[in-house]
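First up is the structure itself, then whatever we jot down about it.
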Amino acid sequence: MKMRRKILLLCLGSTLGALILQTLLFQRVSGTMIYNQSKAENYNLLQNMQNEIYTFVKNIESSLIDIYNEKEFMQELKSDGDIETLRKNNYRLAYRKAVEEFETSDGVVAFYIYNIDHQIVSTYRRAVTPKHNYPKNIYEDSDMTNADKVKEYVASDQKNMFVSSYYNPYRETNLVRFVLKIYDNVNTSDKIGYVVCDIDSNVLTKIMDKYSTHREGYMWLQPSGDRVIVETGNLEESNQEYYEEVSKRIRENNTEQIADASAGNRVLFQVPQEKYNIGAYSIMPQDILEQNQKALLQNIILIGTMMCIILSVVTIFVSSTLTKPLEELTGTITQIREGDTKKRVDYLKDNEIGRLGREFNEMLDEIERLIGHEYETKLLLNKAEYKALQAQINPHFLYNTLDTMSSIASIQNCVIVSNLCQSLSNIFRYSLDMRHPYSTVAKEIVHLKNYIYVMNVRMREDIKYYFDIADDMLQNSIPRISIQPLVENAINHGLKNKRGEKSIHVKVFGENQILNITVTDNGVGMAAEEINRRLRENRQEQVESGTSIGLVNINARMKMLYGEEYGLTVESDGASGTSVILRIPCVRMEEAETWLK
């Protein structure tokens with residue numbers, strides 16, 4: 001397939017794949033997403049509705065509390081006198097309170113005052129007609145007026161106003177009931193009576209209708225443990241059984257399992273109201289959510305189709321500008337592959353393909369240069385191999401010559417010369433054996449003593465050496481030529497300008513699986529802080545500078561072999577002696593190859 005077709009298929013395939021994946025993911029998660037959004041919206045609406053209902057109920061409570069301003073009535077009610085006398089003296093009290101304390105918009109239809117023995121004291125009923133009729137006493141028919149809930153409230157310790165309802169057969173609707181206990185002004189724990197106020201449920205229905213956003217939704221108010229107060233909206237037949245089940249559970253105080261009943265083609269929302277124990281509930285059909293989901297899905301499919309058409313046109317146009325120079329480039333490569341090595345790319349515009357062409361031309365020039373250089377390299381390699389073979393002969397010639405000199409000196413009774421030649425032979429043989437990068441502490445000490453012997457002959461034995469070597473450390477492995485340079489450093493830098501007695505103390509001991517090697521001199525001291533800084537930095541240019549093996553080189557070698565936490569440390573006050581400490585892991589010879597790898 002040509003590149004242009006591949007680009008087109010790749011772009012279309014990627015777009016269609018992304019759209020299909022997005023659609024599948026949308027179908028999977030959109031239901032939850034829309035549900036959560038709808039839940040938040042409905043919850044906020046219910047919350048705002050509850051706040052307004054709370055304000056309304058609070059105003060009703062304030063009007064009922066005004067009963068405490070009737071001091072004569074409160075005194076008579078507290079005296080627990082004859083009920084007939086109490087009724088006679090206060091028969092218009094309920095009427096006066098209903099008319100004076102409440103607004104017309106409050107919708108008060110009946111007002112009752114009772115003593116603590118549930119005996120009616122005063123009654124008010126608004127515009128009694130055959131169609132608008134209300135009981136003279138809520139206890140005339142307790143089952144019809146739901147009066148048993150009032151008795152339960154009066155007998156309880158609940159301080160807040162009680163909210164309930166009952167079905168009025170004349171009005172053919174629910175009436176909302178508010179009940180407030182009357183306490184003794186002096187002994188506030190003694191209940192002496194209560195007032196009952198019934199209002200038209202249309203007052204609350206109007207509030208609820210303001211917060212109903214969907215005609216298909218259904219909302220109602222219901223206290224926990226009691227019947228429904230008021231309801232509004234359209235309850236579908238398919239949700240009737242579900243609504244009755246939820247209402248029943250609320251009436252039975254089984255509210256913990258209400259959420260479990262939310263299934264099928266509806267969603268339940270609820271917002272409690274703690275003070276007056278009025279819960280607001282809403283049932284939202286799932287069909288409304290699915291309609292939004294289908295609309296979004298249709299929009300996605302439409303957008304995807306338009307994107308595919310636009311993308312096809314754009315891809316065809318763009319791919320033509322990309323593939324033409326690439327085709328020229330591949331044609332040039334084919335000619336070069338067939339033997340025309342002088343051929344070069346002509347498309348050198350200032351873009352990615354042009355830069356690719358320039359880089360390709362430079363690569364061809366570099367290849368030609370490397371081919372010429374390769375021949376020279378092979379010649380140099382042959383010369384280097386010859387010199388390497390020749391260099392392998394020179395050390396052996398040196399060892400043999402020194403051994404011969406030692407034998408001749410011994411025959412001529414020149415013991416110092418004989419020993420010096422033998423020590424030098426051992427030093428060169430040990431130093432130049434690079435086939436084995438690791439040695440033992442014992443062999444390092446032998447090498448060091450050969451070096452010390454040579455230096456003593458050279459410097460007339462004016463330096464005293466002390467050795468403190470732990471026996472259990474002798475067979476531990478150590479990189480070859482690690483201790484001798486430390487002693488050489490002490491001689492050249494610490495003791496060179498020292499007057500009087502000169503000494504070097506070499507100590508080797510193990511501690512916590514760490515091999516510690518300390519070389520201490522009593523010389524003129526060193527700038528320890530500066531040297532330690534250089535050792536910590538371990539910079540490559542410092543390691544590579546110079547030809548002698550110094551502290552920096554040994555430190556770099558140890559860190560390379562064992563890690564950054566190992567190496568050299570210098571201790572000195574700058575005036576009276578120096579200690580150089582080498583720390584490496586305790587590694588047996590059989591384990592050394594593993595560390596080297």
Exercise for the section: Start with the C-alpha distance between Tyr466 and Ser503, add both sets of side-chain angles, then the distance that settles side chain to side chain contact (heavy atoms under 4.5 Å, CB included), and finish with yes or no. Expected result: CA-CA 8 Å; Tyr466 302 93; Ser503 65; 3.8 Å; yes
Smallest separation among heavy atoms of [X] and [Y], with atom names:
X	Y	answer
Leu486	Val580	CD2-CG1, 4.0 Å
Pro485	Ile554	CB-CD1, 3.3 Å
Ser482	Glu444	N-OE1, 2.9 Å
Gly577	Ser572	O-OG, 2.9 Å
Lys559	Leu535	CE-O, 3.7 Å
Arg534	Val552	NH2-CG2, 3.8 Å

Do [X] and [Y] have side chains that approach each other closer than 4.5 Å (heavy atoms only, starting at C-beta)?
X	Y	value
Met473	Cys586	yes
Arg557	Pro479	yes
Lys502	Lys464	no
Tyr451	Ile491	yes
Ile481	Gln484	yes
Met455	Ile463	no
Tyr281	Leu46	no
Leu582	Thr518	no

To the closest 0.5 Å, what do you measure between [atom1] ([X]) and [atom2] ([Y])?
X	Y	atom1	atom2	result
Gln50	Asn48	CD	CG	10.5 Å
Leu568	Arg583	CG	CZ	11.0 Å
Asn555	Glu537	CG	CD	11.5 Å
Phe467	Ile445	CZ	CD1	6.0 Å
Ile581	Asn516	CD1	CG	8.5 Å
Ile584	Asn476	CD1	CG	8.0 Å

For [X], enumerate each residue passing the side chain to side chain contact (heavy atoms under 4.5 Å, CB included) test, keeping only those at least two apart in sequence or located in another chain.
X	answer
Glu362	Glu359
Thr440	Ala442, Lys443, Gln475, Met589
Thr334	Arg337, Glu338
Met363	Phe360, Ile367

Practice task
Taking atom types as modelled, find out whether Asn277 and Ser224 have a side-chain donor-acceptor pair closer than 3.5 angstrom.
Solution key: no
Handout entry: Sidechain-backbone polar pair: Asp573 side chain, Ser576 backbone, donor-acceptor under 3.5 Å
Key =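 It does hold such a pair.
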Exercise for the section: Would you confirm whether Asn522, through its side chain, and Glu501, through its main-chain N or O, come within 3.5 Å as a donor-acceptor pair? Expected result: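 The answer is yes, because a donor-acceptor pair under 3.5 Å joins these two groups.
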How would you list, by chain and number, every residue that makes a side chain to side chain donor-acceptor pair (under 3.5 Å) with [X], sequence neighbours excluded?
X	answer
Glu366	Arg369
Glu530	Arg533
Thr520	Ser579
Asp472	none

Show the atom names and distances, to 0.1 Å, of all donor-acceptor pairs under 3.5 Å that link a side chain in residues 505-514 to residues at least two apart or in another chain.
none

Practice task
Classify the ring geometry between Tyr566 and Tyr562 as parallel (under 30°), tilted (30 to 60°) or perpendicular (over 60°).
Solution key: perpendicular
Handout entry: Evaluation steps, side chain to side chain contact (heavy atoms under 4.5 Å, CB included), between Arg536 and Thr569
Key = CA-CA 9 Å; Arg536 287 192 299 270; Thr569 305; over 6 Å; no
Exercise for the section: Would you sort out whether Tyr465 and Leu448 count as a side chain to side chain contact (heavy atoms under 4.5 Å, CB included), showing the intermediate values? Expected result: CA-CA 11 Å; Tyr465 295 90; Leu448 174 62; over 6 Å; no
Problem - Over 12 foreign heavy atoms within 6.0 Å of NZ, Lys496 - result: no
Handout entry: Sequence-distant partners of Lys449, salt bridge (Lys or Arg N to Asp or Glu O under 4.0 Å), two or more places apart
Key =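 Per chain and number, Lys449 pairs via salt bridge (Lys or Arg N to Asp or Glu O under 4.0 Å) with no residue.
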Practice task
Could you check Arg480 against Tyr438 for side chain to side chain contact (heavy atoms under 4.5 Å, CB included), going step by step and ending with a plain yes or no?
Solution key: CA-CA 5 Å; Arg480 186 180 293 271; Tyr438 281 94; over 6 Å; no
